[in-house]
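By convention in this document, chain letters (A, B, ...) are assigned in the order of the sequence lines, proteins followed by strands, and residues within each chain are numbered from 1.
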Protein chains: 2
Amino acid sequence: MAMQQTPLLMGFILDRGARIAPNEEIVTATETGVRRQTYKETRDRAHQLAHALAGAGVEVGDRVGTFMWNGSRHLEAYHACAGMGAVLHTLNVRLSDKDLAYIIDHAQDKVIIADADTLPALEVLKDRMPSVERVIVATEEGFEGWQTDLPNPIDYEEFIAAQPTHYDWPIIDENSALGLCYTSGTTGNPKGVEYEHRSQYLHTMAQCMTDSMALSATDTILGIVPMFHAMGWGIPWSALMLGCKQVMPHRFMDPARLLDLIVSEGVTLSAGVPTIWQGIKGLYEAKPDELDLSNLTRLTCGGSSPPPSLIRWYWDTLGVEMIQGWGMTETSPLATLSRRVMKRSQLSISEDEQFENVAKAGQLMPGLELDIFDEELNRLPHDGETVGEILIRGPWICSEYYNNPQPEKFHEGWLITGDVGKIDPEEYLIISDRSKDLVKSGGEWISSVDLENHIVALDGIAQACVVAHPHPKWDERPVALVVLEPGKEVTSETVIEHCGTAFAKWQLPDDVLYVDSIPLTSTGKMDKKIVRADLDAQGYELPDLRGQSAG
Amino acid sequence: MAMQQTPLLMGFILDRGARIAPNEEIVTATETGVRRQTYKETRDRAHQLAHALAGAGVEVGDRVGTFMWNGSRHLEAYHACAGMGAVLHTLNVRLSDKDLAYIIDHAQDKVIIADADTLPALEVLKDRMPSVERVIVATEEGFEGWQTDLPNPIDYEEFIAAQPTHYDWPIIDENSALGLCYTSGTTGNPKGVEYEHRSQYLHTMAQCMTDSMALSATDTILGIVPMFHAMGWGIPWSALMLGCKQVMPHRFMDPARLLDLIVSEGVTLSAGVPTIWQGIKGLYEAKPDELDLSNLTRLTCGGSSPPPSLIRWYWDTLGVEMIQGWGMTETSPLATLSRRVMKRSQLSISEDEQFENVAKAGQLMPGLELDIFDEELNRLPHDGETVGEILIRGPWICSEYYNNPQPEKFHEGWLITGDVGKIDPEEYLIISDRSKDLVKSGGEWISSVDLENHIVALDGIAQACVVAHPHPKWDERPVALVVLEPGKEVTSETVIEHCGTAFAKWQLPDDVLYVDSIPLTSTGKMDKKIVRADLDAQGYELPDLRGQSAG
C-alpha cells in the first residue's frame, strides 16, 4: 500500500472541533433559560463518559441506548460512544411503549442514558427490557428530585465525575457499527438501521461540502430535528468536527421558544421539518418589527417537502434561503439537496426559476447513485414526467436491516426507498410521494404532496393534508383536510376551484374537510396513517357514495 | 454489513459533473485564442480514450504516462485512466532528460500521451524508455505538422475517433493505484508517490468543504498549478465531480496571458504558487483601470508561503481573498489551509488579525493528524514558539515510495515531511522553512522564509531569496538575493536596516546581492538548490571572509 491505511473512524474527526475552537459554545435550552458549555468542556466530558461507560461494562460493539432530547449531554453520548466503539442507539422518546419495548429488546441495549423528564415513559417498560443493566439519568433544571425504580439508576453527573478526561479511542475496523436507529414502517415491527463508522464519516464530509449544506465553523447551528431521528440528520457529527456553535432546544420544541433561541443566540442555520417553519412564520408575522433575524441565512428542510409558497416567503421576507433535502433513516440520511443556485448555469436564470429548484428534492450528493425504475425494475427516462420507484445506492446507504435483513427492500445492491418520483433533464429529483401516500385512482396516480402544496398556497389556509380514501369504482379518491388560519374563511368550492387551475378534473379532491389540526408523526411529519385510520373510524364516506351504503 | 460496501473509486464521482452540468465549459488556451468543449463532450471523449487505451493493451494497473500541460485532453486522460483503472503517471515536462529517463523506466510506463509541442523533450529519451510501446500525440494549434521517431506514434484525435462513448468503469479494489507522481529530492533519484482511489476520493471530498477551498459548481476555476504537479492540487478531480467551469492555460504560463484568461473567462478562483501572483500584481498595477477582475474572489496559494504584504495587497486592492495551503506531493497534496476567517471567534477580530491568519500555513484538514516533534521524535508544545519537525498521518498521506520504500522517511505510520515549523495555541501550523533551507548559524536556526517575507514588503523590492552560505565559525550565515522593481533603487543598508526592525542582529543577512531574477523550480518555487550552487560556482565569499582565503 502506497498510502496510509487510516481507517475511517469517527474518533479521528470528532475531537477536532474542540481542538480548533475550544472556547466555542454548546448552548442547551432549559426551563428558565439556557445552559452553556464550551467545546473543550464537552470533549472532556465525553471522554469522561466513555470511561464511565467502560467502567459499567460497555465494550466495543455494545449498544448504549439514549432516551434524550437534543442537548449537550446527548451530544456527549454521541461523542463518547463513537470514540470508544460502542453503538449509540438513539431511542425515539415519542414512540409507543409497545414499539419501544420491542426496539430496546431487539437491540439488546446494555445501558440507557435518559433525560430525567422522560423517565415516566421509560418506567412503563421496566419489566420489558431485560437487557438493560443500568439507567443513567441526565438531570435538567426542574427535575432535580427524580426518583425511579428503573434498574440501577445513577445521575449522569455522578456517573462521569472523577473520570479521566482523556480516553485513547481504540482503532477498530471502519465497518464497525457506530449507531442504531429504528424506523417504524406502516406494517410490522420497527426495523433497525445500523450506521457504521465508515458510512457516517463519509456522510459527514459530504454534508460539509460547499454545494451540500455548506456547514462551516463560522456557523451557529440550531438542529431542531431530533437527535433520535436519523442521527439528527448528521448535524451533531459535522458540528463536532467543525467546531461551530451549537444551539440545542432540548424538550422545548414549540415555535415560540425556537424563534426566541434563533434570535437570542444569533443562529445562522437551522434544520427541521416544514411544519416547524410554518409555525415560526406565523409567529414572525404577528410581530415582525420586534424580531431580529438578521443572522439567519439558511433553513434546511427535510422529512417532507416544503410548500413552494413557504420557501418563497422566507426568501422574500427574511432573505433566508431554504435548502431542501431528501433522504430517510436508511440513507444516513442525506441523499439529495436542493438550493436556489447549485450550478453556474443557474446564476443567470430568473429568481422565479431559481426557486422552482428549491421546490424539488434536488441534486444527488457526490458518491451516491440514484435512479427511477418501473415495476419490473427497468430504468426510466429522466424527462421530468415519467414517475417511478426511487432506488439508491452508495457508501452511506443501508444494505439490510439490523438482525432482520428484509431482502425484499433491496435489489441488486440498491435500496428500494418506497418513495416514487421523477428526474428532470437537469438531473433534479422530484418526489411525487411516498408510494404508500399516493392516491391510485382509476389506474392513475395522484400525488398528495402536489395537491397539498397547491392548496396551502391559497390565502387563509394554514395547512393541508391529502389522503386516499377507498372507492369501489376508482379504487381510491383524494380527500383534502385543511386547517384554516385564525379568523379566515375559505369555502370548499374555493379550494376545489383553486386546484382546478393546476390539476385535471379527475385529480381534484372529492371532498374538503375542515379540521383544527393534522396529527403529526414523532418526527413532525403529517401522519397520514392516523388521518386515514381516523376517517375510517369515523365511518367517513366520500360524497358520491353517501346514502349508498345503507342500501 | 449493515451499510453498502461501495468501494471509494474515482469512477463513482468523476462522471458527475457531466451529468449535472453537461453544457458547462472546459476552456483551453491556444496559440491565438481558446478552445471550448462541454463537460458532456469531455466525458464522452474520456470514455472514448479509455476504450482506445484498452485497445492499445492498457489494463487495470498499467501505467499511462502524460507529458502534457493543463488542457482538456490532459483532463480527459485523468478521467479515462481513473475510470478504467489504469494508473495516470503525470510526467513533469520541465524535468531534465536524466530524471525523465529514470522516472519513465522506473514507472514502466506502457504508453505516453504527449502534447505535440513537448515532443522534442521526449525525443531525446527515445532510446532510454524501453517500456513505452506507443506515443499518443495531442495536437494543438501551431503543431499540426508534427513528426516524430518516437515509438508507434498516433494523433490523439485519430486514436480516440470511432470509439464508443460509454465505458463501463470496472469495480476494482479501492486501494488500487490511481496515479503516480515523482518528486525530486535534493539527493538521489526522484521518488514516486502512488496515489490510490480511496486516498484521492477522500481528498476530493475534503477539498470541496466550505471550510477548505470551498470549491463549488458555481465557480470558474483556473488551475495554474500544473496537472503534473501533485495531481494539480486535486483541482481536476474536484472540478470533474462538481461540474464547475474550468479554464486551462496549457503552455501559456506568462502572467500577461493568465491575467487575460482571468478577465475574459470570468475566473472566480485560481490556484498557483506565490511567484505567479507577484507577476500578476505587477501587471495589474500597470493598468488598473483597464482590467475587470470583479469576478475573482479567491486565489489559492501553495508551494511556498506567500508574503503577507502580497496577501494584503490582493485584499485591499481587489477584494480577493488569498487562501494559503500547505502540503506536498506526499500529502495528495492538501494538508493545511488558511483563510481570513476559519472559525466563529475570528469573525470579531480585527481585519489585521484576520490577515495574520492567512500568513500561516493554517488549520489541519479534517481526517488528518499532524504534530511537531523534536529530534528524538517527542511531541513538542503548541505554543507558537517551539519549532520542530512536522510529521503528518491520515488517509491521503503517503506511507512509502513506489518500489523504493525509504523507511527512514516514515516513523510509526507518520510521514516525516522535511518541513519544520511551529503550532500556535489556536492550532495553526506556521512553516518555518524546509529543513534543508533553514540557515543553521551558531547552533540556532534562522528561517529564510521569514527574512524573505520581511524583505519583500519593502517598497521597491520585487522578490527576495535568502540562502545559507557556509561559514567556518558559524557553520552557516544567511545571504539575501533581491530583485528590484523596474526603475527602483534600494541600498543594501536599507535592506539590512529594515530587517533589523524585526530580527535579532545575529539573524540579519551578511550580504545583499542584486540579481535580475531568481531561478525557479519546475513547479515555480524559488530553486534554492540552484541559487546555492551558483554562489559556489562563482566562488562567492561572505563579506567577513573576503581576502582570507588567499591567505
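- Not a single donor-acceptor pair under 3.5 Å links the side chain of B/Gln4 to the backbone N or O of A/Ser399.
- Of the two parts of A/Leu9, neither the backbone nor the side chain holds a non-hydrogen atom closer than 4.5 Å to a non-hydrogen atom of chain B.
- Counting heavy-atom pairs under 4.5 Å between each of B/Met241, B/Glu194, B/Glu196 and chain A puts B/Glu196 at the top.
- Contacts between B/Glu400 and chain A at a heavy-atom distance below 4.5 Å involve backbone atoms as well as side-chain atoms.
- With rounding to the nearest 0.5 angstrom, the OG atom of A/Ser216 is 10.5 Å from the CZ atom of B/Arg344.
- For B/Arg16, the part lying under 4.5 angstrom from a heavy atom of chain A is the side chain only.
- Residue contact with chain A, scored on non-hydrogen atoms closer than 4.5 Å, involves the backbone of B/Pro7 exclusively.
- When heavy atoms are compared at a cutoff of 4.5 Å, B/Met3 approaches chain A by way of both its backbone and its side chain.
- Neither the backbone nor the side chain of B/Gln207 comes within contact range of chain A; no heavy atoms are under 4.5 Å apart.
- Of the two parts of B/Ile392, only the backbone, made up of N, CA, C and O, holds a non-hydrogen atom closer than 4.5 Å to a non-hydrogen atom of chain A.
- No other option in B/Met342, B/Glu426, B/Lys245, B/Met213 has as many heavy-atom pairs under 4.5 Å with chain A as B/Lys245.
- Among B/Leu368, B/Leu347, B/Leu202, the residue with the largest count of heavy-atom pairs under 4.5 Å with chain A is B/Leu202.
- Contact of A/Glu25 with chain B is not made at all, since no heavy-atom distance falls under 4.5 Å.
- Between A/Thr6 and B/Arg393 the shortest side-chain heavy-atom distance does not fall below 4.5 Å.
- Only the side chain of B/Ser332 has a heavy atom closer than 4.5 Å to any heavy atom of chain A.
- Chain A forms the most heavy-atom pairs under 4.5 Å with one residue out of B/Gly413, B/Pro425, B/Ala21, and that residue is B/Gly413.
- No other option in B/Leu215, B/Val341, B/Leu242 has as many heavy-atom pairs under 4.5 Å with chain A as B/Leu215.
- Looking at A/Cys244, there are no atoms closer than 4.5 Å to chain B (heavy atoms on both sides), in backbone or side chain.
- With a 4.5 angstrom heavy-atom cutoff, B/Tyr195 touches chain A via backbone and side-chain atoms both.
- The CD atom of A/Glu427 lies 6.0 Å from the CZ atom of B/Arg19; values are rounded to the nearest 0.5 Å.
- Looking at A/Ser199, only its side chain comes within 4.5 Å of chain B, counting heavy atoms on both sides.
- Taking A/Ser212, A/Ala214, A/Ala217 one by one and counting their heavy-atom pairs under 4.5 Å with chain B, the maximum is reached by A/Ala217.
- Counting heavy-atom pairs closer than 4.5 Å to chain B, the top residue among A/Ile13, A/Asn23, A/Asn175 is A/Asn175.
- With a threshold of 4.5 angstrom between heavy atoms, B/Asp219 approaches chain A through N, CA, C or O but not through any side-chain atom.
- At a 4.5 Å heavy-atom cutoff, the contact between A/Glu369 and chain B is made by side-chain atoms alone.
- Using a 4.5 Å cut-off between heavy atoms, A/Ile20 contacts chain B through both its backbone and its side chain.
- Proximity to chain A is absent for every atom of B/Gln200, based on heavy atoms less than 4.5 angstrom apart.
- For A/Trp414, the ring pair (Phe, Tyr, Trp, His ring centres under 6.0 Å) test picks out A/Phe373, with sequence neighbours left out.
- Contact check for A/Pro395 versus B/Leu8: side-chain heavy atoms found under the 4.5 Å cut-off.
- The choice from A/Met209, A/Gln363, A/His382, A/Glu330 that makes the most heavy-atom pairs within less than 4.5 Å of chain B is A/Met209.
- Only the side chain of B/Glu24 comes within contact range of chain A, with heavy atoms under 4.5 Å apart.
- Heavy-atom distances place the backbone of B/Met365, and not its side chain, under 4.5 Å from chain A.
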